[in-house]
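The structure displayed is predicted, hence computed values, not measured ones. Atoms within each ligand, like the ligands themselves, are counted from 1 in listed order.
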Amino acid sequence: MSAGDPRRSLPGVDRLLASDEGVALVDRFGAARATGALRAALDSVRLALADPAGGGRGVSGTTPGVAPGAAEIVALAAARLRAADRRGLRPVLNATGVVLHTNLGRAPIAEEAAEAMTRAARGYSNLEFDLDRGGRGSRYDHCVEEIRALTGAEDGLVVNNCAAGLLLAMQALAADAVAVVSRGELVEIGGGFRIPEVLESAGTRLREVGTTNRTRASDYAAAVDDGGVAVVLKVHRSNFRVTGFTEEAELGELAPVAGDAGALLVHDLGSGLLVPAERLGLPPEPGPSDSIEAGADLVIFSGDKLLGGPQAGIVAGRADVVAAMRSAPMCRALRVDKVTLAGLRATLRLLLDVDRALEHVPALAALAESVDSVRSRARALADACPPELGAEVIDVEGRVGGGTFPDTPVPSAAVRLTPPDVDGFARALRLSDPAVVGRVEGGALLLDLRTVPPGEAAALLDAVRAVEAGTFSADRRFP
Ligand SMILES: *Cc1c(COP(=O)(O)O)cnc(C)c1O
């Protein structure tokens, strides 16, 4: 290093820590993280100074070829730490109008469920302990009563998610055997979860029947007659529609076909809607109890779609069939944890009373809210927005989401904002704390209020005001 090298004038970590800015950094992020970030900031500054030409690559916020001062280096370290803090799982205000937004964590859970989950997480519990007898119990007992009451099935089992439920069903009931599936139902559910591949990984041989648009009960009957069939699998078309010249065999027609051949009728339903669809303003949609009533031996559905609970897969059906799944080795690998069980049970208990569920289960409450009510909440938000944003209320169409009701719009209302830089504004809102995610459409930012619970509207307004004033919280956290 030559005498005139700007690197010589860089302060050391100790001096940085002792500066006013350094003390504030330690206050905010703790000594260990602050020190680490200062070292990293110094390294990047040294690197940039060693190669002043650097292909134009300096350190942003510093002047190329000039040693930055202590305050600048601390600011670099603070920026690093803030960025690191933003990378974890962060709360989001969902203003997209998509109620079950898979990328935003699907169903927000009820307060009662959150409390039950916190209690289960904080301490010990009788997860696998029978308090009455003082001996070993089963984790699988905890939601059974509620699943039976809500589905009419003899027994129930909870696993990690619906996909796990289907995989376990095939492994336990049809490994080295044949499952009959309609060609119209060999679908991809999402994220590469494809029915033929699930069957393959469970060691189940697939026998396809019918065609993409039409499959009749007689097609299944012919396939079952060829022998070796352990399962007749029906997959609910939850995330797409087949329209036009179509025909599909009903579960009720398939029950005798499967029964006569000694095969099990399994229904992969997906969304577990446990309240009447019309109470949510939605078109008719079968629920798990419809599957059981129609004669399915097993129905499998998600905990975090229209059920409105935590991520889980619920299997309900005939006692001997559920017992076979419970004792299958794979069950252990797909098992549900105590926190989920606690939250799911609390949610299922709310669902035992439809009126209570519509009030307390957030996803259901969001869908049940009248469009007039959403519109008046949007009006109140628009009126409170800074005038520079040109806020107005418009009618929009939201979605149920989560791969359900693919072509059913959910009438809603949004606040339409037109800041000069819409994309920059939307990004700043996403980087707020809590983050706000809306929709940019036609040069405007739309904030759909249906998916923002009334209790969170104030936080949404705070974020909008802060971004408009240029003081959004990602930067406000640290001077
Ligand atoms: C959503 C869905 C699944 C997968 O559910 P997860 O809980 O996400 O695993 C499986 N089958 C159907 C029909 C679905 O709609």
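S182 and T215 share a side-chain donor-acceptor pair at under 3.5 Å. Residues D448 and T451 have side chains that never bring a donor and an acceptor to within less than 3.5 angstrom of each other.
Heavy atoms only, all atoms of each residue included: K338 and S125 are closest at CD-OG, 4.3 Å.
Heavy atoms of N239 stay at 4.0 angstrom or farther from ligand 1. Ligand 1 lies within reach of R106, whose nearest heavy atom is under 4.0 Å from it.
Here's the thing with C162: one of its N/O atoms is less than 3.5 angstrom from an N/O atom of ligand 1. In terms of polar-atom proximity, H236 is not counted as a contact of ligand 1, lacking any N or O under 3.5 Å from an N or O of the ligand. Inclusion of L269 in the set of residues having an N or O under 3.5 Å from an N or O of ligand 1 is not warranted.
Atom CZ of R33 is separated from atom CZ of R28 by 8.0 Å, given to the nearest 0.5 angstrom. Rounding to the nearest 0.5 Å gives a distance of 7.0 Å between CG of L167 and CZ of F193.
Summary of contacts: the protein heavy atom closest to atom 12 (C) of ligand 1 is G270 CA, 3.4 Å. In this structure, atom 14 (C) of ligand 1 lies nearest to the protein heavy atom K305 NZ, 3.0 Å. What sits closest to atom 3 (C) of ligand 1 on the protein, heavy atoms only, is I189 CG2, 3.3 Å. Considering only non-hydrogen protein atoms, atom 9 (O) of ligand 1 sits nearest to A163 N, 2.8 Å.
The side chain to side chain donor-acceptor pair (under 3.5 Å) with E248 is formed by just one residue from the set K234, R214, R216; it is K234.
By heavy-atom distance, the residue among G313, S238, S302 lying nearest atom 15 (O) of ligand 1 is S238.
The cationic group of R399 does not satisfy the cation-pi geometry with F405, failing either the under 6.0 Å distance to the six-membered ring centre or the 45° limit from the ring axis.
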